[in-house]
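Below is one structure, written out as structure tokens, with a few remarks after it.
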Amino acid sequence: MSLWRTAVCLCLLVTLTTAALTKNERAMSESVDAKEIENWLENITAQPHLAGTAEGLEVTEWYEALLEQVLEPIPTATVERDTHDGILLSYEVSSSLDIMGTPATLREEVLKDDPTSNTTWNGRIWNGYGASGNITDEMVVYANYGRPSDFLVLAGENVSVRDRVVLVRYGECFRGVKAYQAQLREAAAVLIFSDPEEYGGPDYPSKVLPKGAYLPQSGVQRGSVLNLPRCPGNPRGRERECGYTENDLLPNIPVMPISAENALLILKSMDSDRAPGDWQGNLNVVYTFGPGSLVNLSVVNSREERTIHNIIATIPGSLSTKEDTPIVLGNHRDAWVFGAADPNSGSAAMLAVAQGLATAWQDGWRPNRTLILGSWDAEEYGIIGSTAYAERNAGMLGQAAVYLNVDTAVSGMSSFGASASPLVVGAVVQAVSDVPGMTAITLSSVTPLGGGSDYAPFLNHLGIASVDFGYKFEGGYPVYHSVYDSFAWMQEYGDPRFEYHVRVARLWALLAMRFSSSQLMPFNVSYLGDRLEEYSIEVETLLNDTSTGVSMAGLKESIELYKEEAKLFMGRLTGSAQNNTLLAEAERAFLTAPGQGLPNRTWYRNLLMASGYNLGYGAQVFPGLQQALSEDDSRTFKRQLDLLTSAVDGGTESLRYGRPPAVPNIDPKDKVSDFEPGIEDIIALSVGLPLFVVGTVFAVLRLSKSKIPGRQAATTYGTRPVSTVTEDGTTTEI
């Protein structure tokens with residue numbers, strides 16, 4: 001092919017791949033620079049920077065100053081510190097493990113090709129919030145992933161974990177769930193290891209570090225064991241918000257993460273019945289139940305109050321405060337060690353987003369809606385920084401339209417993944433197709449949001465439609481929370497040319513620009529209606545396998561009405577402030593009143609999706625229904641079904657009449673009561689009722705003889721907020 005034809009083809013290709021971008025969007029996209037992102041990531045990951053530490057504060061100050069610098073072209077932009085004192089954090093003081101009389105090595109192998117692997121933090125291996133304790137000459141029981149179903153298998157084999165050390169492997173559920181399930185069964189302690197089946201890669205061990213990208217046998221995953229499914233955030237002093245005390249949220253038994261090589265020593269010395277096939281891992285040993293293998297274990301962890309720092313950048317929009325529906329972007333900055341992938345690939349990408357927005361501003365772009373960029377602290381301990389910010393600013397965030405989260409922007413180059421509220425799925429799919437270099441995705445490939453990242457307070461607690469996305473490594477994220485999640489690993493294996501960081505930054509900024517600037521925000525309530533139908537079918541399939549005798553016909557009928565109204569609404573949409581507000585409120589139709597929420601975890605108020613109660617990370621749709629089914633609780637299932645039906649009906653009325661959705665509520669006459677009267681209640685009622693009748697008659701006779709000044713107060717129930725008209729005509733919020 002001649003040179004001129006080649007040039008023409010290349011020009012056509014560039015035109016085709018960028019044609020969907022506006023002039024301002026192209027200016028943003030072209031400003032995102034791979035080398036700059038690489039330099040930023042190298043600076044952030046030069047030292048460990050766990051929340052609450054001096055090193056963490058140094059990274060905070062550096063990041064804040066750089067964010068101010070890149071946003072300097074926007075004269076109205078501000079960067080502020082959002083500080084929170086009295087945050088309970090946890091640090092390792094000392095630990096030891098003795099396996100069958102041999103001291104275990106509690107240190108990850110130092111690699112010649114990874115200079116930071118020799119950090120002083122290498123030997124600091126612990127699970128945040130694990131209790132301190134000493135266990136002497138105790139036997140070990142292997143409990144697979146530590147799920148409730150795994151402990152049921154052990155019970156069926158007549159294997160008790162009481163007063164034993166429980167050995168579990170990472171995967172399938174959050175580590176805090178593993179610790180809680182073992183504690184429920186009166187275990188003495190928990191050891192958690194990274195099985196090569198999840199972290200060792202194909203043809204293990206041929207591709208582990210330093211020969212490949214996967215976790216070596218000495219690698220250890222640190223992490224928090226806060227009971228996240230109950231309530232994220234600061235575990236101290238939030239009983240009113242969470243419904244749980246500090247003791248309810250933190251384990252009271254020692255929990256220690258260990259390497260695969262230490263787990264292998266334990267499993268080799270356990271001579272007992274072979275565990276089932278799906279309990280077998282990829283270590284060169286037969287996995288058995290136990291009990292077997294004697295261990296001595298010592299864990300000393302501190303729990304101490306520290307100060308944490310969020311960084312908040314704000315780019316004001318042109319709309320009035322009343323009409324403004326802010327767009328929030330977020331990533332956390334703290335890491336268990338260096339955090340090159342988790343989370344600082346996202347932190348570097350956020351700097352590129354800020355720079356891209358500044359470039360677009362210089363090109364003439366102006367946002368209609370306020371943009372808020374949050375760099376969160378202490379996420380690794382339990383989504384603490386973002387939760388503290390969201391609870392402190394709940395009033396302002398009550399008008400927010402969408403939360404755009406990037407936790408780990410890049411942990412590999414194998415595949416792109418996105419999870420989102422149904423309302424924003426279409427916008428994500430369209431934006432992906434418009435970013436140069438990205439492969440188009442389908443609506444069905446975008447999954448529901450679970451838990452374990454900073455979207456939780458915005459989506460689950462405040463009802464703000466949310467999205468999370470990034471590129472992933474084949475077969476998972478092998479160096480997760482280990483000393484090897486380093487700049488050297490990212491340069492060699494994660495994203496050597498930093499081109500995938502560029503793609504994520506462009507996508508993130510593009511979504512921010514489109515939601516903040518478009519006359520009509522790119523939400524789709526019709527697609528939400530379709531997903532509601534899919535979710536109901538999913539739960540009904542689970543319901544049919546039980547004997548609850550409850551019908552979902554009422555909910556399905558309400559969903560059909562919602563779908564019809566949503567299509568009509570989308571057909572008559574214009575870019576008015578009222579319609580944008582209604583679109584932003586569509587997610588909040590599924591937000592319960594404070595104190596109701598999901599069963600046994602009322603902080604989680606969104607009925608649409610959440611992490612599973614016994615999963616911690618994994619998503620469940622209609623989570624209240626699924627939780628009730630898993631617990632075989634027909635009473636709770638009925639209550640959650642009524643709440644969900646009320647939410648769908650409220651959403652339908654909101655679209656039909658153009659008003660904010662009503663708070664999901666259960667009609668008192670239909671509410672399932674937990675009250676079962678005893679003999680004392682019957683006696684009290686028989687005595688008290690006649691007295692009540694006499695007193696009421698007397699009061700009515702007296703009132704009929706007196707004049708009541710003013711007019712009767714009118715109260716509106718079931719809307720957000722509840723308003724009362726007082727005698728002098730003023731309105732108060734309750």
Side-chain angles (χ1 to χ4, degrees), residues 27-50 55-74 77 79 113-119 213 309 311 313 329-362 373-377 406-413 435-437 470-471 473 479 483-510 512:
M28 172 277 296
S29 181
E30 291 166 3
S31 75
V32 179
D33 182 72
K35 190 61 182 176
E36 210 153 27
I37 294 175
E38 182 179 9
N39 291 337
W40 290 333
L41 184 64
E42 184 175 18
N43 275 283
I44 299 170
T45 59
Q47 61 183 343
H49 46 284
L50 188 60
E55 298 89 345
L57 182 57
E58 285 181 26
V59 171
T60 298
E61 292 170 344
W62 176 87
Y63 196 90
E64 182 180 27
L66 189 55
L67 195 55
E68 287 178 342
Q69 179 184 322
V70 298
L71 286 173
E72 197 171 314
I74 305 178
V79 178
D113 296 331
D114 188 349
T116 57
S117 63
N118 197 27
T119 174
H309 307 273
I311 302 168
L329 289 72
N331 159 266
H332 74 94
R333 194 178 60 256
D334 62 304
W336 277 107
V337 192
F338 299 107
D342 177 19
N344 297 136
S345 60
S347 307
M350 177 175 274
L351 290 170
V353 168
Q355 189 170 68
L357 296 175
T359 301
W361 181 284
Q362 291 174 310
L373 283 69
S375 174
W376 314 122
D377 201 359
V406 172
D407 188 317
T408 302
V410 181
S411 64
M413 303 174 287
V435 173
Y471 280 93
F473 201 86
V479 295
V483 75
Y484 308 114
D485 186 2
S486 63
F487 183 70
W489 184 88
M490 183 63 74
Q491 274 193 317
E492 183 68 24
Y493 303 108
D495 186 12
R497 293 192 294 271
F498 284 79
E499 58 185 300
Y500 291 85
H501 285 74
V502 169
R503 294 178 188 180
V504 170
R506 285 172 171 168
L507 174 62
W508 204 359
L510 183 60

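Worth saying up front: this structure is predicted, and the values here are computed from it rather than measured.
Scored by the side-chain hydrogen bond (donor to acceptor under 3.5 Å, both in side chains) test, Glu58 finds Gln47 as partners (sequence neighbours excluded). Partners of Asp342 under the side-chain hydrogen bond (donor to acceptor under 3.5 Å, both in side chains) rule, at least two apart in sequence or in another chain, are His332, His481.
Of all heavy-atom pairs spanning Ala213 and Val479, the tightest one is O-CG1, 3.8 Å. Across every non-hydrogen atom of Gln362 and Pro73, the tightest pair is NE2-CB, 3.6 Å. Residues Ala352 and Ala505 come closest through the heavy atom pair CB-CB, 3.8 Å. Nearest approach of Ala409 to Val504, heavy atoms of both residues: O-CG2, 3.6 Å. When all heavy atoms of Ser486 and Phe338 are compared, the pair lying nearest together is CA-CB, 4.3 Å. What you find for Ser31 and Gly356 is that their closest heavy atoms are OG-CA, 3.3 Å.
One N or O on the side chain of Arg333 and one on the backbone of Ser375 form a donor-acceptor pair closer than 3.5 Å. Side-chain atoms of Asp495 come within 3.5 Å of backbone N or O of His501 as a donor-acceptor pair. Checked by atom type and distance alone, the side chain of Asn39 never pairs as donor or acceptor with a backbone atom of Asn43 at under 3.5 Å.
Separation of atoms CH2 (Trp40) and CG (Asp33) is listed at 8.0 Å; rounding is to 0.5 Å. Annotation: the span from Glu499 atom CD to Tyr471 atom OH amounts to 9.0 Å, rounded to 0.5 Å. To the nearest 0.5 Å, the span separating NE2 on His49 from CG on Asp377 amounts to 9.5 Å. Rounding to the nearest 0.5 Å gives a distance of 10.0 Å between CZ of Arg503 and CE of Met413.
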All N/O donor-acceptor pairs, side-chain side in residues 63-71, below 3.5 Å, sequence neighbours left out:
from, atom 1, to, atom 2, distance (Å)
Tyr63, OH, Ser347, O, 2.7
Glu64, OE1, Arg81, NE, 2.9
Glu64, OE1, Arg81, NH2, 2.8

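When Val406, Asn331, Asp485, Ile44 are each tested for a side chain to side chain contact (heavy atoms under 4.5 Å, CB included) with Pro343, only one passes: Asn331.
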Report task. Could you walk me through whether Glu492 and Asp113 pass side chain to side chain contact (heavy atoms under 4.5 Å, CB included), step by step? Result -> CA-CA 10 Å; Glu492 183 68 24; Asp113 296 331; over 6 Å; no

Report task. Report the C-alpha separation of Thr116 and Phe487 in whole Å, then their side-chain angles, then the decisive distance to 0.1 Å, and conclude whether the side chain to side chain contact (heavy atoms under 4.5 Å, CB included) test is met. Result -> CA-CA 8 Å; Thr116 57; Phe487 183 70; over 6 Å; no

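Inter-residue side-chain proximity for Met490 and Glu38 is flagged as unmet; no heavy-atom pair is nearer than 4.5 Å. In this structure, Thr359 and Val32 have side chains that are not in contact, with every pair of non-hydrogen atoms separated by 4.5 Å or more.
Other residues, nucleotides and ligands contribute at most 12 non-hydrogen atoms within 6.0 Å of the CD atom of Glu72.
Between Trp489 and Phe473, the two ring planes are tilted [angle within 30° to 60°].
Side-chain polar atoms of Thr45 and Asn344 form no donor-acceptor pair below 3.5 angstrom.
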